[in-house]
Amino acid sequence: MTEEAMAAALAARNEEAQILGIVDTTTGSEATIDCRRLGEAIQFVANASILGYDVRAAMVFYGGLRLHSLRSRDCEQLWAKYGEALLRQ
């Protein structure tokens, strides 16, 4: 991600986000993840593999009409760069 895109995602951290494409490795089925703030969604996807999820197909959608999206690698980059700042209100 570019620095500008990362800064824009940080600025949008309080927008509602939807997570899709997370697979529970114990059941092999797609996990149902409730909508949450973007910062929390980024944290979840960045750390989901530790919790037993496959995030290769993960997508986080946010913004008006869900126009913006992040892949799992984007979430990992954002969490590594901003960490806890993503969770601040």
Side-chain angles (χ1 to χ4, degrees):
M1 293 184 74
T2 66
E3 290 294 322
E4 288 176 349
M6 291 175 64
L10 176 64
R13 69 186 175 273
N14 290 313
E15 291 187 26
E16 186 174 286
Q18 181 179 18
I19 304 169
L20 298 174
I22 302 281
V23 176
D24 184 333
T25 56
T26 59
T27 64
S29 61
E30 186 169 348
T32 303
I33 310 295
D34 293 332
C35 288
R36 56 190 67 204
R37 291 176 46 250
L38 177 59
E40 294 168 349
I42 291 168
Q43 177 194 29
F44 179 84
V45 173
N47 296 303
S49 60
I50 296 167
L51 302 172
Y53 295 101
D54 180 347
V55 296
R56 289 178 288 181
M59 294 289 295
V60 176
F61 296 96
Y62 68 99
L65 301 175
R66 306 283 192 247
L67 293 176
H68 304 285
S69 64
L70 300 169
R71 302 291 308 219
S72 62
R73 68 181 172 277
D74 300 329
C75 292
E76 291 169 3
Q77 280 183 298
L78 286 161
W79 186 248
K81 180 169 178 102
Y82 295 115
E84 205 170 301
L86 288 163
L87 304 178
R88 291 191 197 124
Q89 294 281 346

Where the side chain of Thr25 meets the backbone of Asp54, is there a donor-acceptor pair that is under 3.5 Å apart? no
Working to the nearest 0.5 Å, report the span between CG of Asp74 and CE of Met1. 5.0 Å
Could you walk me through whether His68 and Leu38 pass side-chain contact (heavy atoms from CB on, under 4.5 Å), step by step? CA-CA 11 Å; His68 304 285; Leu38 177 59; over 6 Å; no
Between Thr2 and Ala5, the two heavy atoms sitting closest are OG1-N, 3.0 Å
Ignoring hydrogens and angles, tell me if any N or O in the side chain of Gln18 forms a donor-acceptor pair with the backbone of Cys35 under 3.5 Å. no
Are Leu20 and Val45 in one and the same hydrophobic cluster, where Ile, Leu, Val, Met, Phe, Trp and Tyr link if side-chain heavy atoms are under 4.5 Å apart? no
Identify the two heavy atoms, one from Ala46 and one from Trp79, that lie closest to each other, and give their separation to 0.1 Å. CB-CB, 3.6 Å
Here the pair of heavy atoms bringing Ala58 nearest to Ile22 is CB-CD1, 3.6 Å
In one Ile/Leu/Val/Met/Phe/Trp/Tyr side-chain cluster, 4.5 Å: Leu51, Leu78: yes
With sequence neighbours excluded, what pairs up with Glu76 under the salt bridge (charged side-chain N to carboxylate O under 4.0 Å, His left out) test? none
The complete set of side-chain hydrogen bond (donor to acceptor under 3.5 Å, both in side chains) pairs with one or both residues in residues 33-48, sequence neighbours excluded, reads Asn14-Arg37, Arg37-Glu40
Any link between Phe61 and Met6 through a network of hydrophobic side chains (Ile, Leu, Val, Met, Phe, Trp, Tyr) touching at under 4.5 Å? no
Looking at every heavy atom in both Val60 and Ala41, which two are closest together, and how far apart are they? CG1-CB, 3.9 Å
Residues Val23, Tyr53; criterion side-chain contact (heavy atoms from CB on, under 4.5 Å); working and verdict: CA-CA 5 Å; Val23 176; Tyr53 295 101; over 6 Å; no
Any side-chain heavy-atom pair from Leu70 and Ile42 closer than 4.5 angstrom? yes
Looking at Arg13 and Leu10, would you say the former's side chain and the latter's main chain have a donor-acceptor pair under 3.5 Å? yes
Return the set of residues passing ring pair (Phe, Tyr, Trp, His ring centres under 6.0 Å) with Tyr82 (not counting sequence neighbours), or none when no residue passes. none
Can you measure from OH (Tyr62) to OG (Ser69) and round to the nearest 0.5 angstrom? 8.0 Å
So, for Val55 and Ser49, which heavy atoms are closest and what is the spacing to 0.1 Å? CG1-N, 4.4 Å
